[in-house]
Number of protein chains: 2
Amino acid sequence: MLDRKFVALADPTRRAILARLALGEATVSELQRPFGISQPAISRHLKVLEAAGLVEGGRAAQARPRRLKPEGLDAARAWLDGLRTLWSDSFEALDAFLANSRTEGADTR
Amino acid sequence: MLDRKFVALADPTRRAILARLALGEATVSELQRPFGISQPAISRHLKVLEAAGLVEGGRAAQARPRRLKPEGLDAARAWLDGLRTLWSDSFEALDAFLANSRTEGADTR
DNA sequence: GTTGTATATAACATAATAGTTATATAAAGA
DNA sequence: TCTTTATATAACTATTATGTTATATACAAC
């Protein structure tokens with residue numbers, strides 16, 4: 001699932017769609033206009049975004065307005081935060097280690 | 001640049017490499033072992049990660065130990081946060097709008 | 001029921017990605 | 001200098017992604 005999210009985010013058109021949806025729901029044809037690409041292309045991007053849990057769609061007459069599922073982004077954010085934490089932990093560990101070496105073996109420098 | 005970062009993050013092997021590097025620097029051959037793929041494949045993943053500004057490499061004898069550049073992730077995180085903010089802003093705007101309609105036109109419900 | 005509008009799906013072309021093996025380069029060490 | 005070790009690059013292959021046009025479906029409106 002995480003993989004689908006990151007893959008979905010890798011395409012600039014899809015990120016633009018997400019940004020547009022963050023401003024409010026939009027139909028396929030509303031989304032199509034600003035991007036210079038065909039309607040089927042938009043539909044497929046939306047499918048990818050839905051499969052990734054980032055977007056959901058409703059039904060209003062013939063239109064199928066999509067809206068952002070902002071919780072869908074949490075897993076990706078959490079992964080990035082986790083990396084950060086892992087890294088700063090190991091950084092602190094290294095720091096502690098260096099501080100230790102300095103006091104224990106000050107003559108080796 | 002943002003694009004390169006997200007593209008870099010889209011591949012599970014590259015995310016695993018990042019996770020490994022978050023624990024401390026590692027050489028190409030050290031990275032190769034756990035993943036069941038060839039050395040050239042690792043080298044190319046590292047190239048992608050470097051181009052994305054997520055990893056940097058040094059030189060130690062023949063080895064070229066890579067380390068995480070955690071600031072490199074900030075832009076991606078910021079983009080995700082921005083979406084969240086955009087969304088909650090428009091959500092609040094909608095909320096305010098609905099609250100308004102309720103008081104101004106209470107008879108329309 | 002026929003027409004118009006919104007969207008989805010199929011079929012296809014092209015380009016990008018990720019992997020492979022073989023080979024080149026660069027530094028260490030005998 | 002010859003060998004070994006570590007990594008990079010080239011050439012190639014297979015798969016996946018993204019776009020296209022043409023067509024199907026679903027609902028609305030007349």
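Here is the naming used below: chain letters follow the sequence lines, and residue numbers restart at 1 for every chain.
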Quiz item: Among A:Glu50, A:Glu30, A:Glu25, which residue meets the salt bridge (Lys or Arg N to Asp or Glu O under 4.0 Å) test with A:Arg66?
Solution: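 With A:Arg66 as partner, salt bridge (Lys or Arg N to Asp or Glu O under 4.0 Å) holds for just one option, A:Glu50.
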Would you compute the distance between atom [atom1] of [X] and atom [atom2] of [Y] and round it to the nearest 0.5 angstrom?
{"X": "B:Ile42", "Y": "B:Leu49", "atom1": "CD1", "atom2": "CG", "answer": "10.0 Å"}
{"X": "A:Trp79", "Y": "A:Leu2", "atom1": "CH2", "atom2": "CG", "answer": "8.0 Å"}
{"X": "B:Leu21", "Y": "A:Leu83", "atom1": "CG", "atom2": "CG", "answer": "9.0 Å"}
{"X": "A:Lys69", "Y": "A:Leu18", "atom1": "NZ", "atom2": "CG", "answer": "12.5 Å"}
{"X": "B:Ile17", "Y": "B:Leu68", "atom1": "CD1", "atom2": "CG", "answer": "11.5 Å"}

When you measure from the side chain of [X] to the backbone N and O of [Y], does any donor-acceptor pair fall under 3.5 Å?
{"X": "B:Arg84", "Y": "A:Asp74", "value": "no"}
{"X": "B:Arg14", "Y": "B:Ala8", "value": "yes"}
{"X": "B:Lys5", "Y": "B:Gly72", "value": "yes"}

Does [X] have a side-chain nitrogen or oxygen under 4.0 Å from the phosphate oxygens OP1 or OP2 of [N]?
{"X": "B:His45", "N": "C:dG19", "answer": "yes"}
{"X": "B:Lys47", "N": "D:dT7", "answer": "no"}
{"X": "A:Ser38", "N": "D:dT20", "answer": "yes"}

Practice problem: Please figure out whether A:Ala41 or B:Glu50 has its closest DNA chain D nucleotide nearer the 5' end. | Solution: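 With B:Glu50 and A:Ala41 compared, the 5'-side residue is B:Glu50.
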Practice problem: Select from A:Arg64 and B:Pro65 the residue whose nearest nucleotide in DNA chain D is closer to the 5' end of that strand. | Solution: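 Nearest nucleotide further toward 5': that of B:Pro65.
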Quiz item: How many Å lie between CG on B:Leu46 and P on D:dT9, as a whole number?
Solution: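 One finds 12 Å between P of D:dT9 and CG of B:Leu46, rounded.
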Quiz prompt | Nucleotide D:dA8, atom P - distance to CG of B:Leu49 in whole Å | solution =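 It works out to 12 Å between those atoms.
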Quiz item: Do B:Gln39 side-chain and D:dA6 base share a donor-acceptor contact under 3.5 Å?
Solution: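 No, the side chain and the base share no sub-3.5 Å donor-acceptor pair.
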Practice problem: Ignoring hydrogens and angles, answer whether the base of C:dA18 and the side-chain atoms of B:Arg44 contain a donor-acceptor pair closer than 3.5 Å. | Solution: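 Present.
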Exercise. Select one nucleotide: of D:dA6, C:dT7, D:dA8, the one nearest the side-chain heavy atoms of B:Ala63.
Key: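 Between D:dA6, C:dT7, D:dA8, the one nearest the side chain of B:Ala63 would be D:dA6.
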Quiz prompt | Of the listed nucleotides D:dT7, D:dA8, C:dT9, the one nearest the side chain of B:Pro40 | solution =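 Minimum distance to the B:Pro40 side chain belongs to D:dA8.
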Quiz item: Hey, can you pull the residues of residues 5-21 of chain A with a non-hydrogen atom under 4.0 angstrom from DNA chain C?
Solution: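 Residues of residues 5-21 of chain A under 4.0 Å from DNA chain C: none.
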Quiz item: Near DNA chain C, under 4.0 Å by heavy atom, which residues of residues 26-37 of chain A?
Solution: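 The answer is A:Thr27, A:Val28, A:Ser29.
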